[in-house]
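Have a look at the structure below, then the notes.
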Amino acid sequence: MENKGDLRAPVSQVPHNVPIPEDTSGIGGTVTVEINEKKISVPLGTTILDACKKVGISIPTLCHHEDLCIAGVCRICVVEVEGMRTLQASCSFPITTPIKIKTSSPMVRKARRHIIDLLLSEHYGECYSCFRNGNCELQNLAREYGVDTYNFGHIDKPRYEIDNSSYSVVRDMSKCILCKRCVRTCIDLQEVGVLEAIDRGDKTHIGTFLEKPLADVICINCGQCINRCPTAALRANDPSDAIWEAIDDPTKHVVIQTAPSPRAAIGEEFGLPAGTSMTRELNTALRRIGFDKVFDTNFTADLTIIEEGTELILRLYNALVKKEKTALPQFTSCSPGWVKFIEHYYPEYLDNLSSAKSPQQMFGALIKTFYAQQAGIDPANIVSVALMPCSAKKFECNRPEMNSSGYKDVDYGLTTREMARMIKEAGINLPEMPKSDFDSPFGEASGAGLIFGATGGVMEAALRSVVEFVTGNKTEDIFERANIIPLRGFEGIKYMEIPIGDKVGEAPALIKHLIPDWNWLKGATLKVAVAHGTANAKKIMEDIKAGGKFSECHFIEFMACPGGCLGGGGQPIPTTPEIRKKRAEAIYAEDESLEIRKSHENPNVIRIYNEFLTEGPCGHLSHKLLHTHYVKRGRYIA
């Protein structure tokens, strides 16, 4: 966080992680410590927890998370430091002088067991019926420390009502252990701040403003709090029972679209390493479950690039040639968490949002129009399911605006975790499935659609086409293998300039009726930016409001979740920077393996415009089905 004065967090929650230099030898910034009688040297300021990791010693944690600032509230990570009267929290103890540490002395083990006992005494519910059974950090610690009885008792009635008002996130505070990860995630990581610790002492609990239901506050549905919750206090709102009911109904034609990020991550739910792509195995598993058709969301990601790219070109043409007042820079609109964030926090900039729907919603509209016509199926009998990495997609498909097909465009949004449970419920072990392809007519997509799953992917996909449209040169002639590396990686904000030069190509036939030529772009420089996580989105928006360099951009990609979709609120738990990196590697590797890697080269996209959207991108029919509008919500709660 660059300017702590701008943060919404209370002083106690202001991030205070200090980056440690990689090489401190030049300034004498190392300290020798003794951990369990083994001496090591660590950089000055290293926490005991990180020092122990260096020598392969595992310290249990509950409030600590690699993505979040230090809290030191759960105390499960306590260690014994020689000369100190009390045990110390290793996650928040900076090493500044030589010390001797014991990580598993009798006093330490006893303290940790007592902490687990105390947490369990106020933790309502039974593990065997809990959806986090087998993947609960509290349960794992109880097992590791041999806690097999309730030494301090156990409550048998819930202390709080379950809040399932939200389409996306369910809160069960009776399972909360007050680690405050969700609070720090919402305030520090996302800069939204709908959750906070309320009251004091034994009355402390995590709540919302005026204890309002989650659906009535300014939650953006991103689900990042779920990904960092160590227990089942937070979970996604699961529609799988309704989907099973549709599958079992012979009168219903049930189709599913799958996004790239779940395919790169779902293997983790079956014990595979992070970054193991399961795309074609998943296709087979979904058919065996009972889905009638399995389609690739990347197809409409390609369609999004054409529609959104055309919209951007029209905005630039109107501003530069027609001299009309135009909302620039154009913002991407495929992240529903980001869309709700701007609706609440920057409603005055809603005109800057692309009107293009997300790939999920474009797909839903096409399924109940074009596909229904082609297959001869009454759209009223089609149940459209979307497998997404994102809990906010559940809210998006329930938006009243998303019914341009005459029906609810997408009926249900499933997270990666929920899909894995459905597969297991069907008795299927995903890694053992034979490989199979997607179904036609939405089974062929480009690598450009695939990389939507990673931060910077939407921008890279767009530029792969825009560069060729405008310059007439192959993208590979400008960027090696068409990989636009400056837009990749996990830096919070990325900025790039692309000079167009004095040589331009012919306007492609698809949009020639809208833009006769590119002469008006000669000598221009295209300025683009990328941000992931709404805390970074806020930095860009504040810069735009102040007339900074981002106000001069033409196109900006925003993703609500850290890392983009691959770090979405519906992805497998746990999530860490390293796990997200592995998922990104899987997505980019699959992109490189494909023959078609640019959206405008997808033959099925061309077919859609030739046979169905005959007026071309941003035409009357495409505007009706593939574009939408959003709502000025503001920050106030009725």
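When reading the values below, keep in mind they use all heavy atoms of this one structure, side chains included, and skip hydrogens, waters and symmetry mates.
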Inset, instruction - Go through the steps for Phe295 and Phe438 under the test ring-ring contact (aromatic ring centres under 6.0 Å, His included), then give the verdict. - result: CA-CA 5 Å; Phe295 296 132; Phe438 290 101; 8.6 Å; no

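- The shortest non-hydrogen separation linking Thr455 to Gly489 is CG2-O, 3.4 Å.
- Remark: Glu590 CD to Tyr588 OH distance equals 13.5 Å, nearest 0.5 Å.
- Not counting sequence neighbours, the partners of Ser358 by the side-chain hydrogen bond (donor to acceptor under 3.5 Å, both in side chains) test are Lys393, Glu396.
- Side-chain contact between Met402 and Val410 is absent, with no heavy atoms from C-beta onward closer than 4.5 Å.
- A cation-pi contact, defined as under 6.0 Å to the ring centre and within 45° of the axis, links Lys549 to Tyr495.
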Legend entry - side chain to side chain contact (heavy atoms under 4.5 Å, CB included) between Val385 and Phe291, intermediate numbers included: CA-CA 9 Å; Val385 180; Phe291 288 100; 4.1 Å; yes

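- Remark: the backbone N or O of Leu387 is not paired with any side-chain donor or acceptor of Gln257 at under 3.5 angstrom.
- Taken from CG in Leu626 to CD1 in Ile306, the straight-line distance is 12.0 Å, to the nearest 0.5 Å.
- With hydrogens and angles ignored, the 3.5 Å screen pairs no side-chain donor or acceptor of Glu460 with any backbone N or O of Pro486.
- The SG atom of Cys390 lies 8.0 Å from the CD atom of Gln360; values are rounded to the nearest 0.5 Å.
- Contact record, Thr416 with Ala265: CG2-C, 4.5 Å, taken as the closest heavy-atom pair.
- When side chains are defined from C-beta on, Tyr349 counts as touching Lys545, because their heavy atoms get closer than 4.5 Å.
- Although no hydrogens or angles enter the test, the distance criterion places no donor-acceptor pair under 3.5 Å between the side chain of His253 and the main chain of Asn381.
- Distance CG/Asn237 to OH/Tyr412: 12.0 Å, rounded to 0.5 Å.
- Residue-environment remark: NZ (Lys408) exceeds the threshold of 12 foreign heavy atoms within 6.0 Å.
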Inset, instruction - Report the C-alpha separation of Met419 and Ile266 in whole Å, then their side-chain angles, then the decisive distance to 0.1 Å, and conclude whether the side chain to side chain contact (heavy atoms under 4.5 Å, CB included) test is met. - result: CA-CA 8 Å; Met419 188 75 260; Ile266 196 168; 4.1 Å; yes

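- Glu418 has a carboxylate O that lies under 4.0 Å from a charged side-chain N of Lys394, or vice versa, which qualifies the two as a salt bridge.
- Within the 3.5 Å criterion, the main-chain N or O of Val294 finds a donor-acceptor partner in the side chain of Asp439.
- With salt bridges taken as basic N to acidic carboxylate O contacts below 4.0 Å, one links Glu311 and Arg315.
- Side-chain N or O atoms of Gln571 include one that pairs as donor or acceptor with a backbone N or O of Leu566 at under 3.5 Å.
- In summary, of the residues considered (Lys368, His623, Lys357, Lys624), a side-chain hydrogen bond (donor to acceptor under 3.5 Å, both in side chains) with Ser404 occurs for Lys357 alone.
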Inset, instruction - I would like to know whether Ile556 and Thr332 meet side chain to side chain contact (heavy atoms under 4.5 Å, CB included); could you show each step before the answer? - result: CA-CA 6 Å; Ile556 304 179; Thr332 59; over 6 Å; no

Inset, instruction - Could you go through the side chain to side chain contact (heavy atoms under 4.5 Å, CB included) check for Glu497 and Val528 one step at a time? - result: CA-CA 6 Å; Glu497 295 185 1; Val528 300; over 6 Å; no

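- The side-chain heavy atoms of Ser599 and Ser465, taken from C-beta on, include a pair separated by under 4.5 Å.
- Atom CD of Glu480 sits about 13.5 Å away from atom OG1 of Thr475, to the nearest 0.5 Å.
- His532 and Phe490 have perpendicular rings, their planes meeting at more than 60° on a 0 to 90° scale where under 30° would count as parallel.
- Screening residues 441-459 for salt bridge (charged side-chain N to carboxylate O under 4.0 Å, His left out), with sequence neighbours left out, gives no hits.
- With rounding to the nearest 0.5 angstrom, the CE atom of Met541 is 12.5 Å from the OG1 atom of Thr534.
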Inset, instruction - Check the pair Arg580, Asp67 against salt bridge (Lys or Arg N to Asp or Glu O under 4.0 Å), reporting the backbone distance first and the verdict last. - result: CA-CA 11 Å; Arg580 295 193 290 273; Asp67 291 329; 2.8 Å; yes

Legend entry - Residues His627, Glu307; criterion side-chain hydrogen bond (donor to acceptor under 3.5 Å, both in side chains); working and verdict: CA-CA 9 Å; His627 293 252; Glu307 291 291 329; 2.8 Å; yes

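- More than 12 heavy atoms of other residues, nucleotides or ligands lie within 6.0 Å of NZ in Lys252, so this atom counts as buried by the packing criterion.
- When every heavy atom of Gly449 is checked against every heavy atom of Asn298, the shortest pair comes out as O-OD1, 3.4 Å.
- For Arg464 and Asp591, the salt-bridge test passes: some basic side-chain N is under 4.0 Å from an acidic carboxylate O.
- Side chain of Asp302 to backbone of Val605: no donor-acceptor contact under 3.5 angstrom is found.
- Of the residues Asn483, Ile587, Leu450, the one that meets the side-chain contact (heavy atoms from CB on, under 4.5 Å) test with Glu592 is Asn483.
- Between the side chain of Asp543 and the backbone N or O of Phe550, at least one donor-acceptor pair lies under 3.5 Å.
- Legend: residues meeting side-chain hydrogen bond (donor to acceptor under 3.5 Å, both in side chains) with Asn283, ordered by chain and number and at least two apart, are absent.
- Between the Trp518 side chain and the Ile515 main chain, no donor and acceptor come within less than 3.5 Å of each other.
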Legend entry - Trace of the salt bridge (Lys or Arg N to Asp or Glu O under 4.0 Å) decision for Glu468 with Lys598: CA-CA 10 Å; Glu468 292 199 4; Lys598 300 161 197 166; 2.5 Å; yes

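- Contact check for Tyr609 versus Pro617: side-chain heavy atoms found under the 4.5 Å cut-off.
- Scanning both residues, Gly564 and Met559, for their nearest heavy atoms gives CA-CB, 4.0 Å.
- By the 6.0 Å and 45° rule, Lys340 stacks over the aromatic ring of Phe395.
- The heavy-atom pair separating Pro562 from Gln190 by the smallest distance is CD-OE1, 4.0 Å.
- Note on ring orientation: taking the six-membered ring where Trp is involved, the planes of Phe442 and Phe299 are tilted (angle from 30° to 60°).
- When every heavy atom of Gly337 is checked against every heavy atom of Ala392, the shortest pair comes out as N-CB, 3.8 Å.
- A donor-acceptor contact shorter than 3.5 Å is absent between the side chain of Ser277 and the backbone of Ala264.
- Of the possible polar contacts, none joining the Arg263 side chain to the Leu282 backbone as a donor-acceptor pair under 3.5 Å is found.
- For the pair Arg635 and Tyr345, the cation-pi criterion (under 6.0 Å, within 45° of the ring axis) is not fulfilled.
- Other residues, nucleotides and ligands contribute only 12 or fewer heavy atoms inside 6.0 Å of the NE2 atom of His620.
- A salt bridge links Arg399 to Glu343: one of the charged nitrogens lies within less than 4.0 Å of a carboxylate oxygen.
- Atom CD of Glu595 is surrounded by 12 or fewer heavy atoms from other residues, nucleotides or ligands within 6.0 Å.
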